[in-house]
Amino acid sequence: MKTIATLGAVALAVSSLSHAAELDITVQNLTQGIYFTPLLISAHPSDASFYKLGEMASGELQAMAEGGDISGLMSIADGMSANSSANPAEGMLAPSTTVMTSLSTDSANTHLSLMAMLLPTNDGFVGLDSWEIPSEAGTYHFYLNGYDAGTEANDEMITGGGAPGAAGIPKDPAGKQGMNATGVTDMETNMMIHVHRGNLGDDMMDGGKSDLNNTVHRWLNPVAKVTVTVN
Amino acid sequence: MFMSAKKLSTLLILASLGLSACSDDDEPMTMMPPDPDPVMISYDVTVTNLTHAHPLSPLAVILHQNDGFWAIGEMASPELEMLAESGDNSQLIAMADAMVSASGTGLIMPGNSETVSITIEDVDDANLTIASMLANTNDGFTGLNGLALGELAIGGSWSGVGFVYDAGTEANTEAMGSIVGPADGGEGFSEIRDDVNYVAMHPGIVSMDDGLSTSVLTQAHRFDNPAMKVVITRTE
């Protein structure tokens with residue numbers, strides 16, 4: 001992750017590594033055609049996390065990645081005594097739109113994580129795992145990639161299936177999907193959380209392998225830009 | 001840290017006022033504040049094409065003080081649309097917000113580089129915008145948008161990369177006759193807007209080899225981020 005820091009003129013006097021902070025957080029969906037389902041943004045202790053790349057997804061992360069349901073992750077956040085902003089966009093964050101939220105963090109909550117499902121995908125999500133909140137006041141920018149929870153085959157069939165373990169994609173909020181696809185694959189070989197290989201799509205509105213449109217529903221990383229202002 | 005020309009001239013005026021206030025003879029005042037020589041600030045902008053098979057259209061290099069020339073989620077200007085659909089940078093570099101502009105001399109082929117020099121008078125904290133079309137796309141372009149140069153000292157360099165954006169002004173049909181680059185030789189600019197009508201990150205091209213049967217593009221035209229490397233050096 002590349003972090004570009006624009007440092008404020010006045011550095012805060014910091015007596016210890018742990019400190020409370022007032023954060024303004026902006027999340028920008030950079031994609032042309034992929035929605036973010038309700039976001040969960042949490043500041044939490046350094047020894048806690050919601051997911052790790054290369055590890056298996058929790059059931060709660062799976063529920064978010066397959067169906068956009070963050071209630072389980074919110075319970076995890078509460079268990080960590082995290083400071084969270086849940087669903088700041090009050091629904092979907094549409095392609096190329098931006099949401100801003102503020103977070104007051106307790107001194108123990110030194111790291112920031114963020115998650116939302118990428119829709120339409122089978123189990124893709126935009127994620128940030130445990131970014132250390134800088135102690136110095138300033139504005140920080142970074143970019144996020146799309147990940148695959150590794151919990152569901154990327155069949156790219158829009159079936160309404162959003163419950164954990166149910167095959168298929170819930171929907172395309174923009175309604176640009178096709179129908180009657182035979183399915184891209186029925187296997188998920190890598191069951192660990194990994195970088196999403198992207199949607200394949202096809203050029204058939206009826207039939208074909210995929211219900212997704214290959215000129216509408218693909219993306220390249222990064223998928224999000226995050227700006228954090230430490231006040 | 002370099003003093004701006006404005007501050008410098010203010011100091012010179014104050015200094016000369018100070019001199020005249022101290023002089024109590026009757027000689028006519030002959031010492032005038034010198035007209036300060038303009039301070040020239042120059043940059044070399046070197047762009048390297050990192051794609052496999054997309055000529056980059058002639059670079060638009062712009063120094064300005066507004067935020068930039070596009071924004072994710074906002075409608076592309078007609079001038080940007082012209083660059084992104086046809087590779088013609090002439091309208092973009094002539095925009096009113098451009099304080100100084102320079103153009104590349106021609107296409108930058110894959111693997112090749114070009115250095116464009118640009119000079120501005122008395123402004124050492126300009127923003128830099130670079131834009132160039134990926135020629136074998138419908139309306140894809142790479143660039144840097146409003147990079148602040150104020151902290152770049154003489155001799156200092158900044159290096160980075162450019163992502164690929166989609167102007168959102170032309171659907172990515174990849175169809176014969178719709179792409180201006182050598183893969184097609186088709187139409188460049190069209191004022192018809194038949195796409196999302198906002199600028200976004202480019203989703204990539206599909207190609208005939210990856211499931212778009214009506215595409216003139218092949219696997220060779222696929223790309224990923226980033227598409228260009230940029231090195232900016234302040235030379236004076």
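Between the side chain of B:Tyr198 and the main chain of A:Gln32, a donor-acceptor pair closer than 3.5 Å is present. When atom types are taken as modelled, the side chain of A:Asp203 and the backbone of B:Ser213 share a donor-acceptor pair closer than 3.5 angstrom. With hydrogens and angles ignored, the 3.5 Å screen pairs no side-chain donor or acceptor of A:Asn214 with any backbone N or O of B:Val206.
Heavy-atom distances place the backbone of A:Asn29, and not its side chain, under 4.5 Å from chain B. For A:Leu200, the part lying near chain B is the side chain, with the backbone staying farther off; criterion is any non-hydrogen pair under 4.5 Å. With a threshold of 4.5 angstrom between heavy atoms, B:Phe223 approaches chain A through its backbone and through its side chain. Residue A:Thr31 touches chain B through its backbone alone, counting heavy-atom pairs closer than 4.5 Å.
Atom CE of B:Met95 sits in a crowded spot, with more than 12 heavy atoms from other residues, nucleotides or ligands closer than 6.0 Å. Counting heavy-atom neighbours within 6.0 Å of A:Met192 CE, excluding the residue itself, gives a total above 12. When the shell of 6.0 Å around NE2 of B:His52 is examined, it contains 12 or fewer heavy atoms from other residues, nucleotides or ligands. No more than 12 heavy atoms of other residues, nucleotides or ligands lie within 6.0 Å of CZ in B:Arg222, so this atom counts as exposed by the packing criterion. More than 12 heavy atoms of other residues, nucleotides or ligands sit less than 6.0 Å from atom CG of B:Asp194.
Contact count versus chain A (heavy atoms, under 4.5 Å) is highest, among B:Ala148, B:Ala200, B:Ala171, for B:Ala200.
Rounded to the nearest 0.5 angstrom, B:Tyr165 OH and A:Leu30 CG are separated by 7.5 Å. For the atom pair CG of B:Asn225 and OH of A:Tyr143, the computed distance is 10.0 Å after rounding to the nearest 0.5 Å.
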List the steps, then state whether side chain to side chain contact (heavy atoms under 4.5 Å, CB included) holds for A:Arg218 with B:Asp210. CA-CA 12 Å; A:Arg218 290 189 176 192; B:Asp210 198 21; 3.0 Å; yes
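Inter-residue side-chain proximity for B:Leu212 and A:Thr215 is flagged as met; some heavy-atom pair is nearer than 4.5 Å. A 4.5 Å side-chain heavy-atom check between B:Pro203 and A:Leu220 finds every atom pair outside the cut-off.
Partner of A:Ser96 under the side-chain contact (heavy atoms from CB on, under 4.5 Å) criterion, out of B:Val199, B:Ile72, B:Asp166: B:Ile72 alone.
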